[in-house]
**Q** 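Sharing a structure, written as structure tokens. Questions coming.
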Amino acid sequence: MAHDHHHTDTPKHTHTHTQSHDHAHSNTDIDWAEMAGHLESQAELFAPLYESALSWLGKEVTEPGLIVDVGSGPGVVSCLFAEVFPGARVLAVDGSVPLLDRARARAERQGVGNRFGVLAGELPGVLDELDYPADLLWAGHSLHHLGDQRAALTAFGERLAPGGTLAILEGGLPSRFLPRDFGIGRPGLQARLDALQEKWFEQMRTELPGSVTEAEDWPALLSSAGLKYARTRSFLLDLPAPASDRARAYAAEIFSRLRDSVADDLDSDDRATLDRLLDPADPASVHRRPDLFVLGVRTVHTAVRPA
Ligand SMILES: C[S@@+](CC[C@H](N)C(=O)[O-])C[C@H]1O[C@@H](n2cnc3c(N)ncnc32)[C@H](O)[C@@H]1O
């Protein structure tokens with residue numbers, strides 16, 4: 001989490017401290033409600049990418065009756081599903097009630113509230129409360145927050161109607177906002193931030209309740225969950241320079257979250273560069289520089305429950 005890296009959830013602040021260490025040590029617990037605005041602006045900026053992904057899914061899944069968005073967060077993508085599949089009911093499922101409240105409000109605003117529901121609870125167990133099997137079950141950047149991903153995929157698959165499709169969005173590539181050498185600091189800053197984020201992500205996974213180490217061969221995992229016809233496709237968001245205000249605000253949010261979450265592991269030169277990128281008064285900042293762009297890739301894996 002974080003930013004918009006291929007993991008989109010780096011928290012802005014870590015709130016708790018590990019007691020067993022003699023110095024305050026940030027952990028990877030995520031305050032999801034705090035992330036509402038960030039998750040919304042991220043999914044809104046990435047809307048063209050999601051539209052391509054959903055239109056591809058629309059060719060695989062004809063006229064779904066029930067779409068379940070697992071780990072929906074504030075429901076930007078859930079509402080896009082409601083728009084792209086006008087004959088479907090959409091159920092947004094998430095552990096965070098404040099985020100589901102925003103999802104419901106968005107659905108009302110977009111005029112799809114009459115076929116939009118929410119379900120709050122811990123995944124994957126909460127799916128036992130579904131009254132109907134899903135024709136399409138989507139998990140966007142949520143599976144990797146569950147300790148046992150193999151067990152979760154099996155649970156997702158069991159909630160599908162025969163012939164129903166499971167689609168997970170996982171992986172892709174870390175997003176890019178700047179050239180390798182952007183004229184200040186040591187070239188390669190984003191690659192160094194990626195490495196730190198990988199470290200954060202691994203720690204986040206290790207600390208999840210019931211964490212199980214699993215090789216992330218998603219098509220193989222979908223097959224071992226009893227699903228067939230695994231397919232994979234990646235989608236591109238390409239917003240070239242000059243960046244819009246929205247793209248600049250998004251880049252600022254990502255760099256700011258990274259500075260807060262991994263700053264201790266940055267050298268002072270990189271920290272100073274990040275500070276300049278984030279200072280609105282600095283012409284070299286993401287708010288003003290002419291070379292800022294957004295380039296993002298997200299990967300979707302699908303598979304079908306045998307009829
Ligand atoms: C990175 S966000 C993705 C939100 C949305 N799918 C999107 O792509 O914008 C992950 C979501 O999974 C939810 N989540 C994480 N762990 C969960 C759990 N164990 N049970 C239920 N929801 C969970 C969080 O509340 C959060 O909304």
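In each ligand, atom 1 is the first atom listed, and ligand 1 is the first ligand listed.
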**Q** Does ligand 1 have an atom that lies less than 4.0 angstrom from a heavy atom of V76?
**A**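 No; V76 lies far enough from ligand 1 that no heavy-atom distance drops under 4.0 Å.
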**Q** At a 4.0 Å threshold, what atoms of ligand 1 neighbour a non-hydrogen atom of H145?
**A**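 Reading through ligand 1 atom by atom, the close ones are 1 (C), 10 (C), 15 (C), 16 (N).
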**Q** Using a 4.0 Å heavy-atom cut-off, which part of V77 comes near ligand 1: side chain, backbone, both, or neither?
**A**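 None of V77 does.
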**Q** For the residue pair H301 / E170, report whether a side-chain donor-acceptor contact shorter than 3.5 Å exists.
**A**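 Side-chain D/A pair, E170 to H301: absent.
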**Q** Would you check if the side chain of S52 reaches a backbone N or O of P48 as a donor-acceptor pair within less than 3.5 Å?
**A**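 Answer holds: yes.
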**Q** Answer yes or no: is there an ion pair linking R159 with D128, defined by an N-O contact shorter than 4.0 Å?
**A**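 D128 and R159: salt-bridged.
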**Q** Taking 4.0 angstrom as the limit and counting only heavy atoms of L123, give me the atoms of ligand 1 inside it, by number and element.
**A**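 Answer for ligand 1: 18 (C), 19 (N), 20 (N), 21 (C), 22 (N).
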**Q** For the side chain of R276 and the backbone of D282, is there at least one donor-acceptor N/O pair under 3.5 Å apart?
**A**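 Not at all, since once roles are kept as given, no pair shorter than 3.5 Å links the two residues.
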**Q** Quick test of your reading of the model: are D270 and R192 salt-bridged, counting only N-O distances below 4.0 Å?
**A**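 Yes.
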**Q** Would you mind finding which of Y50, F46, W32, W138 brings a heavy atom closest to atom 24 (C) of ligand 1?
**A**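 It is W32 whose heavy atom sits nearest to atom 24 (C) of ligand 1.
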**Q** Taking 4.0 angstrom as the limit and counting only heavy atoms of G95, give me the atoms of ligand 1 inside it, by number and element.
**A**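 Result: 21 (C), 22 (N).
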**Q** Any salt bridge between R186 and D181, counting N to O under 4.0 Å?
**A**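 Answer for the salt bridge query: no.
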**Q** Hey, is P74 touching ligand 1 through its side chain, its backbone, both or neither, going by heavy atoms under 4.0 Å?
**A**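 Neither; nothing of P74 gets under 4.0 Å from ligand 1.
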**Q** When you compare ligand 1 with E122, is there at least one nitrogen or oxygen pair between them that comes in under 3.5 angstrom?
**A**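 So ligand 1 has an N or O lying under 3.5 Å from an N or O of E122.
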**Q** Examine the side chains of S234 and T299 and answer whether a donor and an acceptor come within less than 3.5 Å of each other.
**A**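 Indeed, the side chains of S234 and T299 share at least one donor-acceptor pair under 3.5 Å.
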**Q** Just going by heavy-atom distances, which of V126, L99, D94 is nearest to atom 12 (O) of ligand 1?
**A**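 The residue whose heavy atom sits nearest atom 12 (O) of ligand 1 is D94.
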**Q** Are R150 and S224 linked by a side-chain donor-acceptor pair shorter than 3.5 Å?
**A**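 Short answer, yes.
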**Q** Using heavy-atom distances only, which candidate in G71, G73, S142, G121 approaches atom 6 (N) of ligand 1 most closely?
**A**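 Looking at heavy atoms only, G71 sits closest to atom 6 (N) of ligand 1.
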**Q** Do any N/O atoms on G140 end up under 3.5 angstrom from N/O atoms on ligand 1?
**A**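 Yes, G140 has an N/O under 3.5 Å of an N/O on ligand 1.
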